[in-house]
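Report on one structure; see the data block that follows.
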Amino acid sequence: DGGRFSHDVECSRVVGNNGRVYPEYFGLAGSTSQMMQHCVHPRFSVTLFGGKADTVGHVIPQQCSFMAPSSMWMSTSIVLLITVFSMQILRMVVHWCRRDDFFCKRRAPREERTENEEEQTEYVGYVTIKPQEPELCGDHQIELSSKRFRCNDEAGWWLWTHISTQMNILENQVRTEAAATRAFRARRGHLKHHGRAPSNDNFESEESDDSPDALATAMRVVHRRTMEGFASWCVYVAQSRWTTFRHGMNAEELRAYAKAVEENQERPLPRLFVEALLLRSMESLGEQILQCPERIAYLMFHVLQEAAMSAMPDEAREEGVLVTFAHLCEPAQLAFSIDLDKLQDGLAQMNANSNPYVRKRTPEGKWELGLNFDDINESG
């Protein structure tokens, strides 16, 4: 008598302690999830004519149970999380206590400092550039200065967080380019060996995969790619007939820096690496100033010029000797200084008023038009 809408009570059997299984259940069981429960029940609960399949005294059964994880493993996980969190907090507190200057405790808090001290105090941090590849290491330094820092350690930490990330990315790009260069040379050697090299292929001497020249070639390629925007800006500004447009920059110096990017075969590899890293770091530190490439190129030129001038003798600097292409090829250890206040100049004004057609009162009490990225970019 058992079927889709009724139970065959006579043919049913007991499973376990009190579970009863009917023949029509085989292949017709359904399972659903309700919140935190899993439920098992017969698949059909509606008759052919729309009525309920259960009859008086024979309600379609449904078994539900909460699917909870093991209490032992839950307790173990919570204990491990609390232990790791406590160890990290303890490690951080011990590190801070050992370094009294980490919070710049030697100086008074910002609220207690006078206005004159806040305006005059400028703190500087520096990082020595030491990539993993020995051929790219020249012990150059990059400095970061600003009046917004509380001490030199804070400036150094801020610079290190950006430099370390950008240096890792740049060095991986150079390694990838070197691997591609070796693969291209191997392909050309294979084609030449089988006499299938193209007639217009200027094949040089076949070199091994471990040749350091592959890394040098890769570094020069990455340097040109990274600095091509800066080189284009130098050529564009140098071609201007108006001296005021160049903001006092010498056209010959601009052409020398453009040539140093386009013809970098004879330049030292560490200097190429630090220049590319310098531009990447300025873009990272500048934050939204990244939208103003001409402004970054303008500041980049002055940073490079100041570093090159610092390597000259005192007599040459006093005589006003210009930076030439030969100066840019010297393997001297240089220090590149980034002024964070100049690099982010304009962002505070833009945050206060970004509408260039509406005047608003500035904190100094002046009524000025708003500032946008186009205005900041034009200052380069």
Side-chain angles (χ1 to χ4, degrees), residues 88 91-92 95 99 102 123-146 148-149 152-184 209-231 260-261 264-265 267-293 295-297 299-300 303-304 307 328 331-340 343-344:
Q88 291 292 340
R91 176 176 176 269
M92 183 173 57
H95 179 70
R99 295 188 59 187
F102 187 85
Y123 291 93
V124 181
Y126 70 93
V127 174
T128 302
I129 308 305
K130 292 185 177 180
Q132 297 179 2
E133 295 292 340
E135 296 85 354
L136 306 179
C137 184
D139 291 333
H140 298 287
Q141 290 184 354
I142 296 181
E143 300 176 352
L144 180 67
S145 61
S146 176
R148 289 180 286 175
F149 295 128
N152 293 333
D153 289 337
E154 184 179 4
W157 174 85
W158 191 265
L159 177 62
W160 177 82
T161 55
H162 291 264
I163 288 288
S164 58
T165 302
Q166 297 301 325
M167 183 164 56
N168 186 34
I169 295 174
L170 181 61
E171 196 167 7
N172 287 334
Q173 289 178 340
V174 174
R175 292 196 186 106
T176 303
E177 185 66 27
T181 301
R182 296 188 186 99
F184 180 69
D209 293 342
D210 298 331
S211 173
D213 185 66
L215 182 67
T217 302
M219 184 65 253
R220 296 186 183 101
V221 172
V222 174
H223 178 262
R224 284 194 294 267
R225 290 175 182 171
T226 305
M227 304 285 290
E228 61 180 351
F230 171 74
V261 175
N264 58 5
Q265 292 80 6
R267 302 188 64 201
L269 296 183
R271 192 154 180 176
L272 300 181
F273 183 84
V274 74
E275 287 181 0
L277 178 62
L278 176 65
L279 181 58
R280 294 279 184 87
S281 302
M282 291 180 64
E283 293 172 347
S284 178
L285 288 165
E287 298 178 1
Q288 289 85 357
I289 296 297
L290 184 63
Q291 312 299 327
C292 309
R295 173 65 177 174
I296 294 180
L299 298 174
M300 177 78 175
V303 172
L304 294 177
L328 301 178
Q333 295 183 3
L334 303 177
F336 304 88
S337 180
I338 303 174
D339 191 333
L340 185 62
L343 183 59
Q344 295 187 352

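Note that CG of Leu334 and CG of Leu328 are 9.5 Å apart. Values are rounded to the nearest 0.5 Å. Atoms CG and CD, on Asn168 and Gln173 in that order, are 10.0 Å from each other to the nearest 0.5 Å. To the nearest 0.5 Å, atoms CD1 (Ile289) and CD1 (Ile296) are separated by 7.0 Å. Here the CD1-CE distance, from Ile338 to Met300, works out to 8.5 Å after rounding to the nearest 0.5 Å. Atoms OH and CG, from Tyr123 and Leu340 in turn, are 15.5 Å apart once rounded to the nearest 0.5 Å. In this structure, the separation between SG on Cys137 and NZ on Lys130 is 6.5 Å, given to the nearest 0.5 Å.
Using a 4.5 Å cut-off on side-chain heavy atoms (C-beta onward), Leu304 and Glu275 make contact. Counting only heavy atoms from C-beta outward, the side chains of Thr226 and Val261 never approach each other to under 4.5 Å. Put simply, the side chain of Leu285 does not reach to within 4.5 Å of the side chain of Met282, judged on heavy atoms. Counting only heavy atoms from C-beta outward, the side chains of Leu159 and Trp157 never approach each other to under 4.5 Å. Contact of the Leu272 side chain with the Pro270 side chain is not registered, since no non-hydrogen atoms from C-beta on lie closer than 4.5 Å. Between Arg148 and Gln344, some side-chain heavy-atom pair lies under the 4.5 Å cut-off. Looking at heavy atoms from C-beta onward, Tyr126 lies out of side-chain contact with Leu144 at the 4.5 angstrom threshold. A heavy-atom distance below 4.5 Å is found between the side chains of Met167 and Phe273.
When all heavy atoms of Ser145 and Ser337 are compared, the closest pair comes out as OG-OG, 4.5 Å. Looking at every heavy atom in both residues, Leu278 comes nearest to Phe336 through CD2-CD2, 3.8 Å. When every heavy atom of Arg267 is checked against every heavy atom of Ala260, the shortest pair comes out as NH1-O, 3.2 Å. Nearest heavy-atom pair, Ala155 versus Gly125, reported as atom, atom and distance to 0.1 Å: CB-N, 3.5 Å.
For the ring-ring contact (aromatic ring centres under 6.0 Å, His included) test, residues two or more places apart in sequence or in another chain that qualify with His162 are Trp158.
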For this session: Using the salt bridge (charged side-chain N to carboxylate O under 4.0 Å, His left out) rule, take Glu177 and Arg220 through it: C-alpha gap first, then chi angles, then the decisive distance, then the call.
Result: CA-CA 10 Å; Glu177 185 66 27; Arg220 296 186 183 101; over 6 Å; no

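Between Gln333 and Arg271, the side chains place no donor N or O within less than 3.5 Å of an acceptor N or O (distance only, hydrogens not considered).
When atom types are taken as modelled, the side chain of Thr217 and the backbone of Asp213 share a donor-acceptor pair closer than 3.5 angstrom.
Residue pairs meeting the salt bridge (Lys or Arg N to Asp or Glu O under 4.0 Å) criterion with at least one partner in residues 155-171, sequence neighbours excluded, are Glu171-Arg175.
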